[in-house]
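Report on one structure; see the data block that follows.
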Amino acid sequence: MAPTQDPIAQHLADYRPYPFILHQTRLDFTLKPAATRVRAALTLQPRAGVEDLVLDGGGRVTLIALRIDGAAPDPTQVERDDETLTIAAAALPRGVFVVETEVEIDPSANTEFEGLYLSGGMFCTQCEAEGFRHITFYPDRPDVMAPFDVTIRSEKPVLLSNGNPAGQGPGVAAWHDPWPKPAYLFALVAGDLVSVSDSFTTRSGRQAELNIWVRPGDQDRAGYAMEALIRSMTWDEDVYGREYDLDVFNIVAVDDFNMGAMENKGLNIFNSKLVLASPETATDADYERIESVIAHEYFHNWTGNRITCRDWFQLCLKEGLTVFRDQQFTADMRSAPVKRISDVRALRARQFREDQGPLAHPVRPERYEEINNFYTATVYEKGAEVIGMLKRLVGDEGYARALELYFDRHDGDAATIEDWLKVFEDATGRDLAQFKRWYTDAGTPHLTMEEDWDDSVRGGRLTLRLTQHTPPTPGQDDKPPRVIPVAVGLIGPNGDEVAATRILELTQAAQSFDFDGLGARPVVSTLRGFSAPVVLERPIDDRTRAFLLAHDTDPFARWEAGRDLALSALVALAQGRQAGDEFIDAIGRLAGDDDADPAFRALCLALPGDEDIATRLAALDVTPDPDAIHAARDGLARRLAEAHAERLSELYETMAVPGPYSPEAAAAARRSLRIAALGLLNRIDRGDRAEVLFGTAGNMTERMAALICLIRRGRGQAALDALHDQFGDNRLVMDKWFSVQVMSAPPAEAPAIAGRLAGRRDFDWKNPNRFRALLGGLAANHAGFHAADGSGYDFTADWLMRMDKVNPQIAARMSTAFETWPRYDAARRERARAALDRIAAMPGISRNTREMVSRMIAAGA
Ligand code: TRP
Ligand code: ZN
């Protein structure tokens with residue numbers, strides 16, 4: 001195929017194998033903060049005829065020496081540009097040869113945190129997706145894999161790389177990784193670190209040493225991560241039959257980190273907020289997240305590392321599958337229904353938002369300018385949903401057989417989505433040609449369901465008429481129908497289930513399904529377990545919703561009925577109509593149902609967020625008014641609290657967890673209901689309960705909840721000061737301190753508060769967590785970010801421009817605060833547009849931010 005004529009972008013259609021086989025990689029690092037030397041020896045062999053050898057290498061990698069089979073090549077045969085080093089075919093031997101390079105790099109000047117950099121005096125690396133090219137010249141692409149031998153020379157006491165230890169002396173350590181891997185899985189750490197250690201014996205008897213490396217003083221906050229690691233290793237053996245494959249497994253906690261964590265082979269590197277936890281500093285949500293990310297990175301050892309991606313277009317092959325696996329793990333460790341509901345909430349908040357706006361793209365994109373911009377909710381979370389649907393369609397056994405075949409057939413490969421689907425076809429005999437559209441087509445399908453009851457048939461006939469339609473997305477107007485698994489169950493008029501869950505497979509634009517012999521007309525419980533990532537439109541009245549909230553046997557559908565009740569009320573209230581009585585009644589009844597899991601009740605009590613309401617309004621073609629939405633939500637919460645004050649205060653008292661703090665699910669569930677009750681009561685008790693709780697609670701979960709309540713009542717200052725006094729030197733707590741003030745502020749004041757906080761000396765904005773705390777806090781304050789005077793937009797744009805010069809990945813990622821801008825009113829659109837134009841016009845704008853901003857601007861054109 002001819003290369004696509006679009007020079008600034010990469011295209012899936014242009015894939016071509018690397019023309020050389022890489023047999024072996026040897027690396028030798030001499031670490032100095034400002035002048036690190038890297039010597040590399042690559043054993044290569046032409047795949048077919050000899051071509052020019054092109055190695056990737058960023059502009060700040062300085063070439064010191066180059067040899068081919070021990071001799072310097074003729075300089076006229078070597079070409080260096082900003083992104084590559086090319087050695088002409090004429091200078092290369094015919095068979096196997098060794099290219100040796102020596103380069104110098106400056107980790108101390110690396111503010112992008114990509115490649116080799118310093119964090120608090122510690123050397124560390126981040127190579128996914130294309131960071132290795134900032135360390136040395138290399139074929140930096142995931143389908144070029146080799147075993148690695150690494151030598152590290154440094155005065156730092158702890159020197160780590162991938163694989164197994166292969167010798168150590170004063171100031172030097174050697175590592176050998178026998179498993180061929182692409183460069184993006186390389187890692188190196190050198191620092192003054194201490195470890196929390198344990199060990200794990202695999203099912204087949206391999207002893208693995210487990211270490212979690214942290215800064216001295218942090219050891220007592222790493223225990224939970226270690227327990228989570230051991231649970232993850234056990235689970236992957238039990239459920240997927242996957243064993244660990246090295247003698248050591250190291251995890252390192254780093255304070256400056258662009259994302260959550262990274263699955264480097266045998267040496268996972270984590271953002272310290274996803275490792276360190278103590279009851280006084282971390283919330284229940286933090287503990288749960290630590291457990292799931294530890295699992296996620298560990299599970300990548302098979303889904304990502306042993307089987308990797310052919311190219312970055314296939315990113316969902318490893319990320320969608322690994323998210324799906326970590327979701328299954330959390331469901332098994334904690335409450336499966338609660339996990340499912342939380343995952344759907346997150347999917348709607350982040351992925352639906354993305355899929356319905358200017359940044360929509362397929363789970364497997366076909367074009368990108370900067371791959372770092374495609375580590376998205378669509379690739380990760382929708383990628384996981386697609387696998388869930390596949391499992392639903394082929395059944396649990398079919399799924400198990402397919403995964404077995406996948407590991408068997410592709411171990412050691414750099415694979416594609418075609419390979420993945422072929423495995424399912426071969427293992428189950430099912431044709432997945434139509435299913436593949438879930439990978440290739442962007443956009444969230446809208447599903448409508450209408451029902452009809454026919455008495456004239458004996459026993460009665462229920463007919464469900466399903467239709468699907470996917471709105472256009474950038475670059476794709478025409479959306480052929482997809483296969484959509486719709487899980488349906490039927491509830492009889494007395495509240496008993498009369499038909500168990502059955503999967504209807506919708507394959508056409510419109511299709512009908514009959515149910516006969518039911519006797520009496522049932523109530524339909526549909527999209528059970530959120531069986532497909534679609535927007536369901538269904539003509540249903542509040543009475544039926546309340547019935548489902550009371551009786552549905554599927555926990556997701558039951559929660560969804562409550563959410564629908566809330567949303568329909570909020571949508572009406574935001575448009576100045578009266579509504580909400582049905583919701584208040586039904587939720588009150590549920591709150592007092594002591595047979596229901598407290599965590600489930602807490603989820604039902606949580607009103608949809610401002611952002612959810614805006615999204616729903618936009619879907620109904622109503623321009624969302626952020627202030628009206630905020631007022632509607634406030635008003636409904638207050639009415640809910642007033643109507644059920646007694647029951648809520650009873651819950652607040654009885655859900656207190658006695659004894660020492662435990663992060664496990666049952667205790668966290670009680671706290672979550674307690675906090676939900678507190679949040680509602682706070683609207684009528686002026687913050688008195690919150691003040692007491694803040695002063696007495698021994699755990700961060702309740703203190704943080706109390707702090708939010710106090711801020712909402714305009715009396716948070718004393719608590720904020722107390723928290724600062726107590727934890728001023730704890731970065732992770734201070735991140736919360738920054739974000740909560742902006743997130744929970746009255747919207748009209750939020751941009752000014754953000755501005756004031758940004759002026760503080762301890763606003764260490766180059767630290768990604770701190771930057772995200774403040775800017776993410778504002779973005780999470782919907783009416784604050786969208787303040788009518790544009791101050792939220794301007795504040796955000798100013799800081800994105802400043803960040804772009806220092807760390808483009810973070811700037812580009814945070815620019816998604818603007819991704820819904822086209823749906824607001826003309827005045828807001830104009831201000832948002834001006835802010836985006838200002839960013840786009842910035843001299844020297846990074847490729848990352850340029851791509852994001854131009855996609856967002858194009859949508860409003
Ligand atoms: N592969 C990592 C994960 O999901 C995420 C990742 C991609 C990443 N690029 C990164 C992490 C850059 C840190 C920095 O598991
Ligand atoms: Zn991942």
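Remember, it's 1-based here, ligands and their atoms both numbered in the order they're listed.
- In summary, the atoms of ligand 1 found under 4.0 Å from a heavy atom of Met262, numbered by their order in the structure, are 1 (N), 2 (C).
- At a cut-off of 3.5 Å, with distance as the only test, no side-chain donor of Asn162 or Asn264 sits close to an acceptor on the other residue.
- In this structure, Arg231 satisfies the cation-pi test against Tyr224, with its NZ or CZ atom closer than 6.0 Å to the six-membered ring centre and inside 45 degrees of the ring normal.
- Looking only at atom types and distance, the side chain of Trp312 has no donor-acceptor partner in the side chain of Tyr184 under 3.5 Å away.
- Proximity annotation for atom 12 (C) of ligand 1: of Gln126, Lys318, Glu130, Glu114, Gln126 comes nearest, heavy atoms only.
- Neither side chain, Trp179 nor Asn305, offers a donor N or O lying under 3.5 Å from an acceptor on the other.
- With respect to atom 2 (C) of ligand 1, the closest heavy atom belonging to the protein is Glu263 OE1, 3.2 Å.
- Here the CZ atom belonging to Arg345 is positioned 13.0 Å from the CG atom belonging to Leu347, to the nearest 0.5 angstrom.
- Side-chain N/O atoms of Asp804 and Ser846 include a donor and acceptor closer than 3.5 Å.
- Residue Glu319 places at least one N or O, backbone or side chain, under 3.5 Å from an N or O of ligand 1.
- For ligand 1, the polar-atom distance check against Glu128 finds a nitrogen or oxygen pair separated by under 3.5 Å.
- Heavy-atom distances between Phe257 and ligand 1 reach below 4.0 Å in at least one pair.
- Look at Glu263 and the Zn ion (ligand 2): no N/O/S atom of the residue is under 2.8 Å from the metal.
- Salt-bridge formation is not detected for the pair Asp192/Lys156: no Lys NZ or Arg NE/NH1/NH2 atom is positioned less than 4.0 Å from an Asp or Glu carboxylate oxygen.
- Protein heavy atom closest to atom 8 (C) of ligand 1, with residue, atom name and distance, is Met259 CE, 3.6 Å.
- Among protein heavy atoms, atom 4 (O) of ligand 1 sits closest to Tyr380 OH, 2.7 Å.
- Ion pair Arg325/Asp236 flagged as a salt bridge, since at least one NZ, NE, NH1 or NH2 atom sits closer than 4.0 Å to an Asp/Glu carboxylate oxygen.
- Not one N or O of Tyr375 is nearer than 3.5 Å to an N or O of ligand 1, by distance alone.
- Residue-to-ligand polar distances keep Asn372 apart from ligand 1: every N/O pair is separated by 3.5 Å or more.
- Listed by atom number, the atoms of ligand 1 under 4.0 Å from Ala261 heavy atoms are 2 (C), 3 (C), 5 (C), 11 (C), 15 (O).
- In this structure, His300 has a heavy atom closer than 4.0 Å to ligand 1.
- Salt-bridge check for Lys318 with Glu297: failed, with every basic side-chain N at 4.0 Å or more from each acidic carboxylate O.
- Geometry at the Zn ion (ligand 2): OE1/Glu319 and NE2/His300 form an angle of 100°, nearest 10 degrees.
- Residues passing the salt bridge (charged side-chain N to carboxylate O under 4.0 Å, His left out) test with Glu819, sequence neighbours excluded: Arg353.
- Ligand-side atoms of ligand 1 in range of Glu297: 3 (C), 15 (O), range being under 4.0 angstrom from any heavy atom.
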